[in-house]
Amino acid sequence: MARRLDSVRIVLVEPAGGLNVGAIARVMANMGLSQLVLVNPQCDPLGDDALLMAVHADGLLRQARQVDDLPTALAGCQRAIATTARTRAEMTLESPEAALPWLIDQVENTPIETALIFGPESRGLSNSELNYAQRYVMISSDSTYPSLNLAQAVAVCSYVLRRSALSSMESTVDPSALSPRFKRAQGPEQKNRDADLGQVGQDKSSTGSLSAFSAELSAATAGEAGAALEQIDGYFQHLESVLLKIGYLYPHTAASRLEKLRRLLYKAHASEQELAMLRGILRQVEWALSQAAADH
């Protein structure tokens with residue numbers, strides 16, 4: 001279980017409150033998560049407020065990475081899920097229970113590097129920041145006060161990740177080898193509570209289709225790492241350049257068009273080799289353009 005959770009990065013984009021950062025470090029330690037990455041933090045992650053809330057998780061705070069931008073935070077990751085509190089056009093929102101197990105999947109029994117991204121307390125993640133993720137999670141809450149505190153949101157997701165890792169461990173461990181205490185914890189009452197948790201806040205009118213989507217995507221990508229996120233980002237930078245050259249894109253509409261193309265590629269879950277093939281096509285188009293220019 002520890003190996004699976006160790007591969008998950010909790011990425012905080014521009015966190016503003018030291019109290020939140022400290023509380024997040026504590027709940028991560030509680031749930032067995034160890035990778036904290038701070039993107040351009042707007043507070044002192046080792047200040048008095050953060051250390052006060054972290055309590056005995058100050059070591060996790062001290063080893064947290066600070067980076068300047070989101071692409072750097074995601075370097076080396078094959079999968080990323082972003083959290084959002086608002087519905088967005090052309091974006092499928094999933095519950096934590098449906099989507100987060102995808103982050104602790106393994107390829108040939110080896111965990112892959114993944115990330116769970118949270119936005120700033122004041123605004124959440126922007127559309128451009130959401131583009132770096134392949135799936136999106138919304139924590140269902142009451143409509144009269146839907147916005148969760150950042151540390152609370154991380155706590156909910158961290159708990160779901162731990163439960164998912166425990167479930168994965170159960171499926172690979174001989175039940176006779178479990179301690180009596182662990183067996184009692186996994187008894188009928190606990191299983192009923194877990195089932196209840198999976199249903200909390202879900203819209204019954206959309207649960208079936210959303211569950212089908214989650215199951216289809218998870219099955220399609222099971223055991224496949226996919227291309228690294230920085231390779232995907234590099235491909236889209238190259239694609240934008242080529243499409244602007246040939247007049248398919250215009251500067252004022254490029255961002256919205258590329259967002260749709262990102263969604264398409266994420267659904268395909270392209271491998272590193274497939275992405276290299278797509279880059280090869282772009283290079284050939286650039287060569288053809290240069291030849292045409294030389295002929296004139």
Side-chain angles (χ1 to χ4, degrees), residues 1-13 15-39 41 43-66 73 77 80-83 85 95-105 111 113-119 121 137-141 147-170 173 178-179 181-187 189-191 193-198 200-201:
M1 180 180 71
R3 290 181 65 208
R4 291 174 183 261
L5 293 176
D6 284 345
S7 67
V8 181
R9 301 177 194 177
I10 300 297
V11 178
L12 308 181
V13 176
L19 292 172
N20 270 336
V21 173
I24 288 167
R26 178 172 181 172
V27 78
M28 286 177 62
N30 290 151
M31 298 299 149
L33 294 156
S34 59
Q35 288 199 66
L36 177 60
V37 184
L38 309 174
V39 178
C43 61
D44 182 0
L46 292 176
D48 291 341
D49 285 346
L51 293 173
L52 175 68
M53 292 301 292
V55 192
H56 299 301
D58 59 312
L60 195 151
L61 273 183
R62 298 183 195 282
Q63 69 183 22
R65 290 174 51 215
Q66 295 188 46
C77 289
I81 292 178
T83 58
S95 69
E97 294 81 10
L100 296 186
W102 187 65
L103 292 181
I104 58 169
D105 194 11
E113 285 293 314
T114 61
L116 181 57
I117 312 167
F118 296 85
E121 294 94 325
V137 157
M138 174 184 280
I139 300 172
S140 182
S141 55
S147 179
L148 271 72
N149 167 268
L150 174 60
Q152 292 171 334
V154 176
V156 170
C157 292
S158 296
Y159 176 74
V160 172
L161 282 168
R162 181 169 182 81
R163 291 299 309 162
S164 300
L166 283 169
S167 297
S168 298
M169 184 180 73
E170 285 182 64
V173 173
L178 297 175
S179 69
R181 180 182 177 186
F182 189 85
K183 289 178 183 176
R184 288 196 299 272
Q186 303 309 307
E189 298 84 358
Q190 180 65 39
K191 291 181 179 177
R193 285 195 293 272
D194 292 343
D196 291 342
L197 176 63
V200 169

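Positions are given from 1 along the sequence.
- Within a 6.0 Å sphere centred on CZ of Arg26, heavy atoms belonging to other residues, nucleotides or ligands number 12 at most.
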List, one per line, each side-chain donor-acceptor pair under 3.5 Å for residues 17-25, sequence neighbours excluded.
unit_1: Asn20; atom_1: OD1; unit_2: Asn149; atom_2: ND2; d: 3.1
unit_1: Asn20; atom_1: ND2; unit_2: Glu121; atom_2: OE2; d: 3.2

Open item on the list: Applying side-chain contact (heavy atoms from CB on, under 4.5 Å) to Arg163 and Val160, what does each step give before you reach the verdict?
Closed with: CA-CA 5 Å; Arg163 291 299 309 162; Val160 172; 5.6 Å; no
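- The minimum heavy-atom distance between Pro15 and Leu38, with the atom names listed, is CG-CD2, 4.2 Å.
- A distance of 12.0 Å separates CD1 in Ile117 from SG in Cys157, rounded to the nearest 0.5 Å.
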Show every donor-acceptor pair shorter than 3.5 Å between a side-chain atom in residues 43-59 and any protein atom, with sequence neighbours excluded, or say none if there are none.
unit_1: Asp44; atom_1: OD1; unit_2: Leu46; atom_2: N; d: 3.0
unit_1: Asp44; atom_1: OD1; unit_2: Gly47; atom_2: N; d: 3.4

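- Among all heavy-atom pairs drawn from Pro41 and Gln66, the shortest one is CG-OE1, 3.3 Å.
- Put simply, CG on Leu33 and CD1 on Ile10 are 5.0 Å apart, with the number rounded to the nearest 0.5 Å.
- Between the CD atom of Glu113 and the CD atom of Gln35 there is a distance of 5.0 Å, given to the nearest 0.5 Å.
- Taking CG from Asp105 and OG from Ser164, the interatomic distance works out to 11.5 Å, rounded to the nearest 0.5 Å.
- When every heavy atom of Gly32 is checked against every heavy atom of Asp6, the shortest pair comes out as O-OD1, 4.2 Å.
- Note that CG of Leu103 is 10.5 Å distant from CG of Leu5, once rounded to the nearest 0.5 Å.
- Interatomic distance, CE of Met138 versus CG of Leu148, reported as 11.0 Å (0.5 Å rounding).
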- [ ] Assess whether side-chain contact (heavy atoms from CB on, under 4.5 Å) is satisfied between Ile104 and Thr114, documenting all intermediate values.
- [x] CA-CA 8 Å; Ile104 58 169; Thr114 61; 5.9 Å; no
TODO: Start with the C-alpha distance between Val137 and Leu116, add both sets of side-chain angles, then the distance that settles side-chain contact (heavy atoms from CB on, under 4.5 Å), and finish with yes or no.
DONE: CA-CA 9 Å; Val137 157; Leu116 181 57; 5.5 Å; no
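- Counting all heavy atoms, side chain and backbone alike, Ala99 lies closest to Ile81 at O-CD1, 3.5 Å.
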